[in-house]
S.K.: 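Please read through the structure below; I'll follow up with questions.
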Number of protein chains: 2
Amino acid sequence: MPKRFGVGPPWWHGRFRECGYRLTTPRESILDVLSKTSKHLSAEDIYLEVHNIYPTIGLTTIYRTLGLLVQMGFVSKFDFGDGRARYELSMGPKSVGHHHHLVCTSCGRVIDYTDFIEEEKELLSKTEKELSKRYNFKISNHLIQFYGLCERCKNKK
Amino acid sequence: MPKRFGVGPPWWHGRFRECGYRLTTPRESILDVLSKTSKHLSAEDIYLEVHNIYPTIGLTTIYRTLGLLVQMGFVSKFDFGDGRARYELSMGPKSVGHHHHLVCTSCGRVIDYTDFIEEEKELLSKTEKELSKRYNFKISNHLIQFYGLCERCKNKK
DNA sequence: CTCCTATTGATAATGGTTTTCATTATCAAT
DNA sequence: ATTGATAATGAAAACCATTATCAATAGGAG
Ligand SMILES: [Mn+2]
Ligand SMILES: [Mn+2]
Ligand SMILES: [Zn+2]
Ligand SMILES: [Zn+2]
């Protein structure tokens, strides 16, 4: 396997060492792919992408690494209903940060939106607070997705 | 296969006829199971339940019928992240109606919440309206789930 | 009751994800 | 730079929820 590409130690090296994880070519290349796209890639998408540069890296390692990255909080895993999980960088300098999705039920397109509207913020904080109290439930995360037709599909046929 | 159990024609018979679908024992028994529980059953859960009364009904039919019921709008299908789809009655006299979920990431328990739904509804419709305008997206559905620890799991070492 | 065909159920197939296990690579200690 | 403990990898097989196939069955209009 050829030498790694990074020159200066990327921002995630520290966190890896802290957790006692080793820095490996597969891990770096996967993070590299994720940090260079704004798409919502499947494990296989990532595999093919990585394969261009490191043809020896196997799909198994992609899955294993993605699991690790999700567990570490670097990556978020989503299900948009097409039978395969999608991954995207959730933290790091270039990441969009927490956001929600609009999913087109016709073509599968996924739109990120980060410009939360006031109403949504209000909805979330109120709901979370009330639900925590009412059900004695410690909320740590939420999933919000809207389904419908994107601009293209709406105006088709 | 023994004769059906219902005496008077249940509320869904009409809609079946309208759509040209036949009334069959599997379909009735599956709707019967769903209408008698407030749990979020998997296809296999339903299969086992139905199997107690009609041992000849196969799992394939459960899947097929659930697909049909979802398509007809009788049943909602959810993914709570444990690798199997969950189903629950979404319309009918006894159904809770549209609601959202609290999912315990430790024990998998799922809590329906219908309180605050009024205020939530209002904020949601505002949010949907804003998003539709901003992204030129025709929203027809949404998914909202909160993840965290349920009362039991929160207080457990 | 008959006939047409929608529906069913046993079985095999599918496909994304995980497990297994022998081999390889990382990195702290030398 | 070398070594050694062991974390990480990759090929292959296993897993498992869901679907497709197809011959047999049963609903219900007439
Ligand atoms: Mn996104
Ligand atoms: Mn529910
Ligand atoms: Zn679309
Ligand atoms: Zn719990």
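Letters A, B, ... are given to chains in the order of the sequence lines, protein chains preceding strands, and every chain is numbered from 1.
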S.K.: May I ask you to evaluate whether A/Tyr63 reaches the phosphate of C/dT17, defined as a side-chain N or O under 4.0 Å from OP1 or OP2?
M.R.: yes
S.K.: Side chains of A/Tyr63 and A/Glu44: any donor to acceptor distance under 3.5 Å?
M.R.: no
S.K.: For B/Arg84 and B/Asp79, what are the C-alpha separation, side-chain angles and deciding distance, and is it a salt bridge (charged side-chain N to carboxylate O under 4.0 Å, His left out)?
M.R.: CA-CA 7 Å; B/Arg84 42 185 50 188; B/Asp79 169 22; over 6 Å; no
S.K.: How are the rings of A/Tyr113 and B/Tyr135 set relative to one another: parallel (under 30°), tilted (30 to 60°) or perpendicular (over 60°)?
M.R.: tilted
S.K.: Please, what dot-bracket string fits DNA chain C when only Watson-Crick and G-U pairs with both distances under 3.5 Å count, crossing ones use [ ] and pairs to another strand use |?
M.R.: ||||||||||||||||||||||||||||||
S.K.: What is the nucleic acid contact for A/Arg27, judged by heavy atoms within less than 4.0 Å: base, sugar-phosphate only, or nothing?
M.R.: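 Counting heavy atoms under 4.0 Å across all strands, the contact made by A/Arg27 is with sugar-phosphate only.
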S.K.: Could you work out which one of C/dT17, C/dT20, C/dC27 sits closest to the side chain of A/Leu23?
M.R.: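 The closest nucleotide is C/dC27.
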S.K.: For B/His51 and C/dA10, what is the distance between atoms NE2 and C1' respectively, to the nearest whole Å?
M.R.: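 The answer, rounded to whole Å, is 14 Å.
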S.K.: Just checking, any donor-acceptor pair under 3.5 angstrom between side chains of B/His100 and B/Gln145?
M.R.: no
S.K.: B/Glu88 pairs by side-chain hydrogen bond (donor to acceptor under 3.5 Å, both in side chains) with which of B/Lys77, B/Lys39, B/His99?
M.R.: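 That would be B/His99; it is the only one of B/Lys77, B/Lys39, B/His99 passing the side-chain hydrogen bond (donor to acceptor under 3.5 Å, both in side chains) with B/Glu88.
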S.K.: From CZ of A/Arg17 over to P of D/dA7, roughly how many Å is that when rounded to an integer?
M.R.: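 That distance rounds to 15 Å.
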S.K.: What is the separation between atom OH on A/Tyr54 and atom C1' on C/dT24, rounded to the nearest whole Å?
M.R.: 17 Å
S.K.: Output the residues of residues 40-50 of chain B in contact with DNA chain C, where contact means a heavy atom of the residue under 4.0 Å from an atom of the strand; sort by number or write none.
M.R.: none
S.K.: Hey, is B/Glu18 close enough to B/Arg15 for a salt bridge, meaning N to O under 4.0 Å?
M.R.: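 Answer for the salt bridge query: no.
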S.K.: How long is the line joining CD1 of B/Ile57 and C1' of C/dA10, in whole Å?
M.R.: 15 Å
S.K.: Check the distance between D/dC16's P and B/Arg84's CZ and give it to me in whole angstrom.
M.R.: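 About 10 Å, once rounded to whole Å.
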S.K.: Counting any heavy atom closer than 4.0 Å, what does A/Arg22 reach on the DNA or RNA strands: base, sugar-phosphate only, or nothing?
M.R.: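 Base contact.
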S.K.: Could you tell me if B/Arg27 sits above the aromatic ring of B/Phe16, with its cationic atom closer than 6.0 Å to the ring centre and no more than 45 degrees from the axis?
M.R.: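 Cation-pi check for B/Arg27 and B/Phe16: fails.
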S.K.: Rounded to whole angstroms, how far apart are CG on B/Leu66 and P on D/dT19?
M.R.: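 In whole Å, D/dT19 P lies 10 Å from B/Leu66 CG.
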S.K.: A/Ile62 or B/Tyr21: which one's nearest nucleotide on DNA chain D is closer to the 5' end?
M.R.: A/Ile62
S.K.: Can you check whether B/Tyr21 and B/Trp12 have ring centres sitting under 6.0 Å from each other?
M.R.: no
S.K.: Counting heavy atoms from C-beta on, name the nucleotide in C/dA6, C/dG9, D/dT18 closest to the side chain of B/Pro26.
M.R.: C/dG9
S.K.: So, under a plain 3.5 Å distance rule, would you say the side chain of B/Thr56 forms a donor-acceptor pair with the base of C/dT8?
M.R.: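 No, the side chain and the base share no sub-3.5 Å donor-acceptor pair.
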S.K.: Mind calculating the distance between CG (A/Leu59) and P (D/dA13) to the nearest angstrom?
M.R.: 16 Å
S.K.: What I want to check is whether an N or O donor and acceptor connect the side chain of A/Arg64 with the base of D/dG10 at under 3.5 Å.
M.R.: yes
S.K.: Quick check: any donor-acceptor pair below 3.5 Å linking the side-chain of B/Thr24 to the base of D/dA26?
M.R.: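 No such pair is found, so the answer is no.
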S.K.: Go through the side-chain N and O atoms of B/Ser42 and B/Asp45 and say whether any donor and acceptor fall under 3.5 Å apart.
M.R.: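 Their side chains do contain a donor-acceptor pair, which is all the 3.5 Å distance test asks for.
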S.K.: A/His13 NE2 to C/dC27 C1': how many Å, rounded?
M.R.: 14 Å
S.K.: Does A/His40 form a ring-ring contact (aromatic ring centres under 6.0 Å, His included) with A/Tyr87? I'd like the steps, not just the answer.
M.R.: CA-CA 6 Å; A/His40 302 86; A/Tyr87 301 87; over 10 Å; no
S.K.: Does C/dG9 have OP1 or OP2 sitting under 4.0 Å from an N or O in the side chain of B/Thr60?
M.R.: no
